**Q** 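Let me give you the structure first, and then I'll get to my questions.
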Number of protein chains: 2
Amino acid sequence: MSDLAIIRDGGMLIRDGKIDIVGSSAEIEKNATDCEIIDAGGRVVLPGFVDAHAHPVFAGNRLDDFDRRAKGETYEQIAAAGGGIWSTVEKTRAASEADLLNQATKHANWFLKGGTTTVEAKSGYGLTVEDEVKILRVIRRLNEETSIEFVPTFLGAHAVPREWRQSEYVDLVINEMLPRVAAEKLAEFCDVFCEHGYFDVEQSRRILAAGKKLGLKLRMHADQLTNSGGAKLAGELNATTADHLEQTEEEGIAAMRSAGVQPVLLPGSVYALGSKRYPRAREMIDAGLAVVIATDFNPGSSPTTSMPMILSLACTHMKMSPAEAITTSTINAAYSLNRGDKIGSLEPGKLANFSIFDCEDYRELAYWFGFPQTHSVYVRGERVVDKN
Amino acid sequence: MSDLAIIRDGGMLIRDGKIDIVGSSAEIEKNATDCEIIDAGGRVVLPGFVDAHAHPVFAGNRLDDFDRRAKGETYEQIAAAGGGIWSTVEKTRAASEADLLNQATKHANWFLKGGTTTVEAKSGYGLTVEDEVKILRVIRRLNEETSIEFVPTFLGAHAVPREWRQSEYVDLVINEMLPRVAAEKLAEFCDVFCEHGYFDVEQSRRILAAGKKLGLKLRMHADQLTNSGGAKLAGELNATTADHLEQTEEEGIAAMRSAGVQPVLLPGSVYALGSKRYPRAREMIDAGLAVVIATDFNPGSSPTTSMPMILSLACTHMKMSPAEAITTSTINAAYSLNRGDKIGSLEPGKLANFSIFDCEDYRELAYWFGFPQTHSVYVRGERVVDKN
């Protein structure tokens with residue numbers, strides 16, 4: 001994970017939106033006839049970031065919660081004041097597909113400006129059959145109308161809505177939502193928020209098993225607030241990823257390792273919640289796990305689309321090296337989205353998704369913080385962000 | 001500090017680089033004839049940020065230190081490997097005035113893109129008479145050649161250079177550097193790094209008293225790593241500011257209060273060093289101190305020029321409200337630089353230094369993090385940054 005295979009004075013030949021040749025500039029120039037030449041001017045060129053955990057489709061924001069949290073109010077006080085996830089669910093239910101698409105398109109442009117070209121996109125702010133389907137349709141339309149590739153994940157089990165008893169809502173997810181999502185091919189992954197007060201291990205197991213049976217791959221929100229056995233369940237079900245893991249200890253790490261589960265670490269939400277407990281990235285890397293880092297972009301606990309910010313957090317607060325931060329946000333993340341053969345590195349045959357940064361050294365991406373150094377961004381060989 | 005005096009659907013009339021009238025759009029339009037009209041489109045308009053603690057003139061970067069720190073090496077190990085402040089001093093000494101100006105101009109553009117229009121600028125990477133003067137001359141030239149106003153601070157007592165014994169270096173600062181700086185009018189403030197292993201309280205007192213005698217106002221690096229009595233000394237000397245204060249407790253807060261010292265809090269360096277001990281912002285605000293927040297921009301411990309990032313840190317990690325974060329980074333900061341009558345708020349008679357942000361609510365500045373929402377920036381009424 002520390003070997004980035006950097007090519008100094010390197011180049012790529014791009015043909016039909018894909019990378020044809022990668023090598024030294026001299027080698028590329030030999031093969032380049034009748035080409036448009038883009039001179040990166042000695043800058044750092046990286047694969048487009050792959051953001052493997054995000055909630056980009058929602059209505060409104062959570063500014064009031066933010067203000068209250070800054071003043072020291074607890075999650076419970078904020079929820080009692082009408083905040084928390086429920087406020088986003090109400091606004092998202094009330095929003096039309098067009099409104100959601102409009103706001104999510106703004107978010108897509110933010111992602112692009114930070115150098116991200118692929119984003120996992122979860123539903124989960126609808127929590128009715130029709131509203132979850134609405135969100136997943138918005139994700140499909142984002143794929144048609146923006147330059148980013150969004151990978152859809154069904155997260156009907158994000159929270160239990162107020163109008164349902166918990167066990168009945170689990171039945172609704174399994175018996176109505178999942179079959180509909182699968183039939184309309186609206187998602188590639190099924191996710192669940194496995195946590196005390198949300199969905200316990202047994203309910204999570206039922207939901208994920210049902211998703212798997214319908215052909216969906218599995219991701220999980222695991223061990224964020226308590227070490228509730230989420231990582232172990234991810235291992236048991238051979239989930240593709242277990243995400244968050246702030247509270248995961250040795251046993252969970254061992255379970256993920258045995259089953260080849262990829263940990264997706266989300267330092268942005270730890271930061272934004274003002275918490276000090278980051279997941280044990282070093283132990284997971286040392287255990288040989290193919291760690292991923294992602295934004296967890298959402299209005300409540302992680303209002304950032306910036307992967308460079310996540311690289312900064314990974315290095316300053318999870319003791320990852322800048323090289324590891326790059327690997328975990330590109331090629332490792334691509335594999336976690338089942339796209340390791342298409343994106344995540346600059347290799348022949350892969351999509352020409354890449355960014356140019358105003359830096360001379362890749363480590364600058366994580367070093368300077370708070371303002372992305374993006375120079376320009378390309379998707380399938382087309383420039384979609386220009387020097388800002 | 002929580003009352004921002006927001007004008008909804010507001011406007012300003014600008015004349016000769018200054019604010020002439022502030023009020024409702026309707027009122028402004030009545031008075032505006034033969035004017036260029038800039039429509040902010042319902043976006044948030046704020047005074048340009050005033051960054052009251054920065055080290056913007058240096059050569060090179062500290063990427064190797066960053067890499068080593070991420071791998072868990074201590075400050076001592078990094079210094080032994082040739083890193084730390086000494087590596088920046090060596091590069092800065094070796095750099096020409098033109099090279100330093102060139103690099104600092106790049107930094108100036110970063111500041112502007114985050115909405116900052118005034119920046120305090122410390123010397124302190126030269127540590128010889130000629131090299132300190134060289135840095136202060138670069139700061140003077142930055143004032144002539146960029147749109148930002150830089151406020152120069154002499155920080156010859158940033159560290160003891162290797163070639164000097166500590167007491168002899170203190171004498172050099174007092175007997176040679178300070179008189180030269182004062183004679184050439186190269187600085188408005190005198191600063192000292194009061195800390196075990198740098199300059200103790202007695203040495204700091206001597207240096208600052210000498211600076212005061214020469215007509216310089218005083219700032220101090222105080223109580224960053226240990227509670228060494230820095231804040232108390234700032235009170236004793238009636239310093240304008242005491243900066244850092246991560247370790248300051250009740251006694252230091254009381255001393256600052258009695259003497260009207262402004263605390264300048266620097267959460268960017270706490271963050272970037274991976275530390276968890278932030279200064280006691282709430283207690284200082286509750287004690288009635290006119291708190292300031294700033295970037296501490298420098299290559300070693302705070303590689304950020306982004307004031308919006310500092311607002312985010314203030315709200316998420318120092319429990320300041322978004323409104324307090326705005327006040328402390330604008331009007332309070334302006335007073336700490338002796339410019340409270342000219343900048344820091346949008347009032348008639350003040351310079352027309354302001355920024356437009358792609359937000360509908362000022363709280364978004366601190367809420368979304370890692371990517372400034374800057375739309376455009378104006379200095380003395382002239383647009384210097386355009387929609388990026």
Side-chain angles (χ1 to χ4, degrees), chain A residues 61-72 106 110-111 113-114 268 271-276 278 282 295 297 299 302-310 312-325 358-364 366-374 387-388, chain B residues 61-72 106 110-111 113-114 268 271-276 278 282 295 297 299 302-310 312-325 358-364 366-374 387-388:
Chain A
N61 55 47
R62 294 259 279 282
L63 284 171
D64 290 332
D65 295 17
F66 179 74
D67 215 341
R68 285 174 186 278
R69 196 183 306 120
K71 285 170 183 147
K106 190 172 83 167
W110 291 347
F111 279 110
K113 283 188 179 178
Y271 166 84
L273 291 173
S275 167
K276 288 170 180 171
Y278 287 83
R282 274 260 60 84
T295 61
F297 175 61
S302 193
T304 189
T305 53
S306 169
M307 199 59 95
M309 186 70 223
I310 300 304
S312 166
L313 281 159
C315 295
T316 58
H317 286 71
M318 300 200 300
K319 295 293 173 208
M320 288 168 60
S321 71
E324 289 168 341
D358 262 330
C359 302
E360 295 173 5
D361 185 315
Y362 74 90
R363 296 175 299 178
E364 292 182 66
Y367 170 72
W368 309 113
F369 68 100
F371 57 117
Q373 305 286 299
T374 322
K387 173 81 185 169
N388 56 28
Chain B
N61 56 46
R62 294 260 279 281
L63 284 171
D64 290 331
D65 296 17
F66 179 74
D67 215 341
R68 286 174 186 278
R69 196 183 307 118
K71 286 171 183 148
K106 189 171 84 169
W110 291 347
F111 279 110
K113 284 187 177 177
Y271 166 84
L273 291 173
S275 167
K276 289 169 179 170
Y278 286 84
R282 273 261 61 83
T295 61
F297 174 60
S302 193
T304 189
T305 53
S306 169
M307 200 60 96
M309 186 70 225
I310 300 303
S312 166
L313 281 159
C315 295
T316 58
H317 286 72
M318 301 199 300
K319 295 293 173 208
M320 288 169 61
S321 72
E324 289 168 340
D358 262 330
C359 304
E360 295 173 4
D361 185 315
Y362 75 89
R363 297 175 298 178
E364 293 182 66
Y367 168 72
W368 308 112
F369 68 99
F371 57 116
Q373 305 286 300
T374 322
K387 172 83 185 170
N388 56 29

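Here the structure is a predicted model, which means the values were calculated and not measured.
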**Q** Pick one of side chain, backbone, both or neither for A/Gln373, based on which atoms fall under 4.5 Å of a heavy atom in chain B.
**A**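 For A/Gln373, side-chain heavy atoms alone lie under 4.5 Å from chain B.
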**Q** B/Asp64 versus chain A, heavy atoms under 4.5 Å apart: side chain, backbone, both or neither?
**A**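 Interface part for B/Asp64: both.
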**Q** Restricting to non-hydrogen atoms, name the atom on A/Gly370 and the atom on B/Ser306 that form the minimum distance, rounded to 0.1 Å.
**A**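 That would be O-OG, 3.6 Å.
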**Q** Check whether B/Ala325 gets within reach of chain A through its side chain, its backbone, both or neither, counting any heavy atom under 4.5 Å.
**A**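 For B/Ala325, there is no contact with chain A at all, as no heavy atom is under 4.5 Å.
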**Q** Taking all non-hydrogen atoms of both residues into account, name the closest pair between B/Ser321 and A/Asp67 and its distance.
**A**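 For B/Ser321 and A/Asp67, the tightest heavy-atom pair comes out as CB-OD1, 4.1 Å.
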**Q** Are A/Ser312 and B/Pro303 side-chain neighbours, meaning at least one heavy-atom pair lies under 4.5 Å?
**A**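 No, every pair of side-chain atoms sits at 4.5 Å or beyond.
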**Q** Within a strict 4.5 Å, meaning less than it, do heavy atoms of the A/Asn61 and B/Arg363 side chains meet?
**A**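 No; the side chains remain at least 4.5 Å from each other.
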**Q** Hey, does the side chain of B/Thr304 reach the backbone of A/Phe369 with a donor-acceptor pair shorter than 3.5 angstrom?
**A**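 Yes.
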**Q** Between B/Pro372 and A/Pro372, which heavy-atom pair has the shortest distance, and what is it?
**A**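 It is CD-CD, 4.3 Å.
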**Q** Quick one: which of A/Tyr271, A/Trp368, A/Phe297 has the most heavy-atom pairs under 4.5 Å with chain B, could you say?
**A**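 Counting heavy-atom pairs under 4.5 Å, the top option is A/Tyr271.
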**Q** Could you look at B/Glu324 and say if it's the side chain, the backbone, both or neither that has a heavy atom under 4.5 Å from chain A?
**A**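 For B/Glu324, neither part sits under 4.5 Å from chain A.
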**Q** Let's test your reading of the structure: which of B/Gly114, B/Gly72, B/Gly274 forms the most heavy-atom pairs below 4.5 Å with chain A?
**A**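 The residue among B/Gly114, B/Gly72, B/Gly274 with the greatest pair count is B/Gly274.
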**Q** To the closest 0.5 Å, what do you measure between CG (A/Asp65) and OH (B/Tyr367)?
**A**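 Atom-to-atom, A/Asp65:CG and B/Tyr367:OH are 7.5 Å apart.
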**Q** Which bit of A/Phe66 comes within less than 4.5 Å of chain B, counting heavy atoms only: side chain, backbone, both or neither?
**A**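 Contact with chain B: side chain only.
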**Q** I'd like to know if the side chain of A/Lys319 and the backbone of B/Arg69 have a donor-acceptor N/O pair within less than 3.5 Å.
**A**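 Yes: the side chain of A/Lys319 pairs with the backbone of B/Arg69.
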**Q** Just so I understand: if I count every heavy-atom pair under 4.5 Å between each of B/Leu273, B/Leu313, B/Ile310, B/Asp361 and chain A, which residue has the most?
**A**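 Highest number of heavy-atom pairs under 4.5 Å: B/Leu313.
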**Q** Once you round to the nearest 0.5 Å, how far does OG of B/Ser275 lie from NZ of A/Lys276?
**A**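 Answer rounded to 0.5 Å: 8.5 Å.
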**Q** Between B/Ala272, B/Ala314, B/Ser302, B/Ala323, which residue shows the highest count of heavy-atom pairs closer than 4.5 Å to chain A?
**A**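 Ranked by contacts with chain A, first place is B/Ala272.
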**Q** Could you check whether any side-chain heavy atom of B/Phe371 comes within less than 4.5 Å of a side-chain heavy atom of A/Pro308, counting everything from C-beta outward?
**A**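 B/Phe371 does not reach A/Pro308 side chain to side chain.
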**Q** Measuring heavy-atom distances to chain B, does A/Arg282 have an atom under 4.5 Å in its side chain, in its backbone, in both, or in neither?
**A**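 Neither part.
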